[in-house]
Amino acid sequence: MGLSFRGEFDQKVDKKGRMSIPSDFRAVLTDGDPRCPENPLPRLVVLHGPHIKDCLHVYTIEAMEEIEEGIKRLPRGSAERKKASRKILGKSWETEVDKDGRIVLPQRLREQIGLDGLATMTAMGDYFELWDATTYERFEDEDDDDDDVDPLTYLDAPTPPGAG
């Protein structure tokens with residue numbers, strides 16, 4: 001497994017949908033694109049649709065290939081495979097970062113999440129979420145009900161050395 005997305009960044013989005021991808025995130029996209037470094041412009045896949053609420057999910061090429069392999073493991077013709085294909089493959093958009101470190105996010109995707117002026121990109125490990133900054137701020141405020149909880153407690157306890 002390659003690099004992981006880490007951090008949170010705010011980026012301006014112009015009227016044409018152009019936005020910079022933070023250099024830390026570009027490094028992960030480059031690491032997760034098999035055609036790099038021969039082609040220095042890394043690709044990414046944006047997952048969208050009504051099943052993803054309030055944001056877009058952005059994956060590296062390799063992470064999306066892993067997801068596609070999971071879909072291929074489902075039985076051909078099964079309802080699960082059809083649904084996963086429609087909601088994941090049918091609701092994905094591939095693009096590449098340009099030489100200036102930017103992408104152009106189509107208007108329909110900006111409209112889906114109400115993106116207007118400032119985007120927040122927040123790391124989720126193998127992907128990152130792309131939000132309208134105001135929506136993300138509201139989400140964070142609503143999600144702050146457990147601020148006194150150390151998030152490390154959500155993780156499984158590590159296995160002691162020598163055990164199992």
Side-chain angles (χ1 to χ4, degrees), residues 1-9 11 13 17 19 21-22 24-98 101-115 119-132 135-136 138-140 142-143 145-146 149 151-159 163-164:
M1 184 167 154
L3 300 174
S4 292
F5 292 105
R6 292 190 180 95
E8 186 176 288
F9 303 91
Q11 299 289 346
V13 182
M19 58 189 301
I21 301 297
D24 291 355
F25 283 11
R26 285 196 313 267
V28 178
L29 292 169
T30 299
D31 187 58
D33 188 344
R35 74 177 196 182
C36 292
E38 291 82 22
N39 183 331
L41 304 177
R43 297 169 293 165
L44 54 93
V45 178
V46 178
L47 189 57
H48 58 90
H51 60 288
I52 300 175
K53 305 293 183 218
D54 300 322
C55 67
L56 304 171
H57 292 180
V58 181
Y59 291 89
T60 67
I61 295 299
E62 286 181 347
M64 188 51 105
E65 286 173 352
E66 289 175 18
I67 291 169
E68 290 172 9
E69 286 302 315
I71 293 170
K72 289 177 185 175
R73 287 193 294 273
L74 296 170
R76 285 182 188 266
S78 69
E80 293 84 4
R81 185 169 176 167
K82 289 177 183 178
K83 186 178 268 191
S85 294
R86 283 187 200 108
K87 288 190 171 206
I88 297 171
L89 302 177
K91 298 294 183 188
S92 63
W93 172 70
E94 183 177 317
T95 190
E96 72 179 22
V97 178
D98 70 15
R102 301 177 307 184
I103 63 167
V104 179
L105 197 62
Q107 182 174 354
R108 66 184 171 87
L109 297 183
R110 296 191 316 267
E111 288 174 355
Q112 178 185 317
I113 62 170
L115 181 55
T120 297
M121 298 176 203
T122 187
M124 302 296 286
D126 63 341
Y127 70 100
F128 67 91
E129 293 177 338
L130 176 60
W131 295 75
D132 171 75
T135 304
Y136 185 69
R138 272 196 316 271
F139 171 78
E140 286 261 282
E142 293 169 8
D143 199 42
D145 59 347
D146 61 355
V149 177
L152 292 174
T153 62
Y154 298 143
L155 307 177
D156 291 336
T159 306

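- To the nearest 0.5 Å, the span separating CD on E142 from CD on E140 amounts to 10.5 Å.
- Considering only residues two or more places apart in sequence or on other chains, E62 meets the side chain to side chain donor-acceptor pair (under 3.5 Å) condition with none of them.
- Atom CG of L29 and atom CG of D24 lie 11.0 Å apart (nearest 0.5 Å).
- Scanning all heavy atoms of the two residues, the minimum distance from E38 to P40 falls at O-CD, 3.6 Å.
- Every residue meeting the side chain to side chain contact (heavy atoms under 4.5 Å, CB included) condition with V58, not counting sequence neighbours, appears here in chain and number order: L44, V46, F128, L130.
- Across all their heavy atoms, C36 and P42 have their closest contact at SG-CA, 3.8 Å.
- Considering H51, H57, R86 as possible partners of K91, the one that fulfils the side-chain contact (heavy atoms from CB on, under 4.5 Å) test is H51.
- Between W93 and L109 the shortest side-chain heavy-atom distance falls below 4.5 Å.
- Listed here is the closest heavy atom pair of S92 and H48: N-NE2, 3.8 Å.
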**Request:** Could you walk me through whether D33 and T60 pass the side chain to side chain contact (heavy atoms under 4.5 Å, CB included) test, one step at a time?
**Result:** CA-CA 7 Å; D33 188 344; T60 67; over 6 Å; no

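- Between R108 and E111, none of the side-chain N atoms (NZ, or NE/NH1/NH2) sits under 4.0 Å from a carboxylate O, so this pair counts as no salt bridge.
- Under the 4.5 Å side-chain criterion, counting only non-hydrogen atoms from C-beta, V13 is in contact with R110.
- When ring centroids are compared, F25 and F9 come within the 6.0 Å threshold.
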**Item:** Derivation of the side chain to side chain contact (heavy atoms under 4.5 Å, CB included) call for I67 and I88
**Value:** CA-CA 9 Å; I67 291 169; I88 297 171; 3.7 Å; yes

**Prompt:** After noting the C-alpha distance and the side-chain angles of E80 and K83, does the key distance pass the salt bridge (Lys or Arg N to Asp or Glu O under 4.0 Å) rule?
**Reply:** CA-CA 5 Å; E80 293 84 4; K83 186 178 268 191; over 6 Å; no

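- Put simply, the side chain of I61 reaches to within 4.5 Å of the side chain of P34, judged on heavy atoms.
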**Request:** Go through the steps to decide whether D126 and F5 satisfy the test side chain to side chain contact (heavy atoms under 4.5 Å, CB included), and finish with yes or no.
**Result:** CA-CA 6 Å; D126 63 341; F5 292 105; 5.9 Å; no

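- Taking all atoms of both residues into account, the shortest heavy-atom contact from M19 to A119 is CE-CB, 3.6 Å.
- Across all non-hydrogen atoms, the minimal contact from L3 to V28 is O-CG1, 3.6 Å.
- Within the 4.5 Å cutoff, no side-chain heavy atoms of L56 are placed close to those of L47.
- Open room surrounds CD on Q107; 12 or fewer heavy atoms of other groups in view lie less than 6.0 Å from it.
- Residues R102 and V97 are not in side-chain contact: their nearest non-hydrogen atoms beyond the backbone lie 4.5 Å or more apart.
- Contact between Q112 and C55 at its shortest, heavy atoms only, is NE2-O, 4.2 Å.
- In terms of modelled atom types and a separation under 3.5 Å, the side chain of R81 and the main chain of L74 share a donor-acceptor contact.
- If you take CG on D31 and OG on S4, they are separated by 9.5 Å, rounding to the nearest 0.5 Å.
- Under the 4.5 Å side-chain criterion, counting only non-hydrogen atoms from C-beta, T122 is in contact with W131.
- E8 and Y136 form a side-chain donor-acceptor contact under 3.5 Å, judged by distance and modelled atom types alone.
- Salt-bridge annotation for E96 and R35: present, with a side-chain N of the basic residue lying under 4.0 Å from a carboxylate O of the acidic one.
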**side chain to side chain contact (heavy atoms under 4.5 Å, CB included) assessment of L105 paired with L115** = CA-CA 10 Å; L105 197 62; L115 181 55; 3.7 Å; yes

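- K82 has its side chain out of reach of S85: every pair of non-hydrogen atoms, C-beta onward, lies at least 4.5 Å apart.
- Here the side chains of P22 and Q11 are in contact, with some heavy-atom distance below 4.5 Å.
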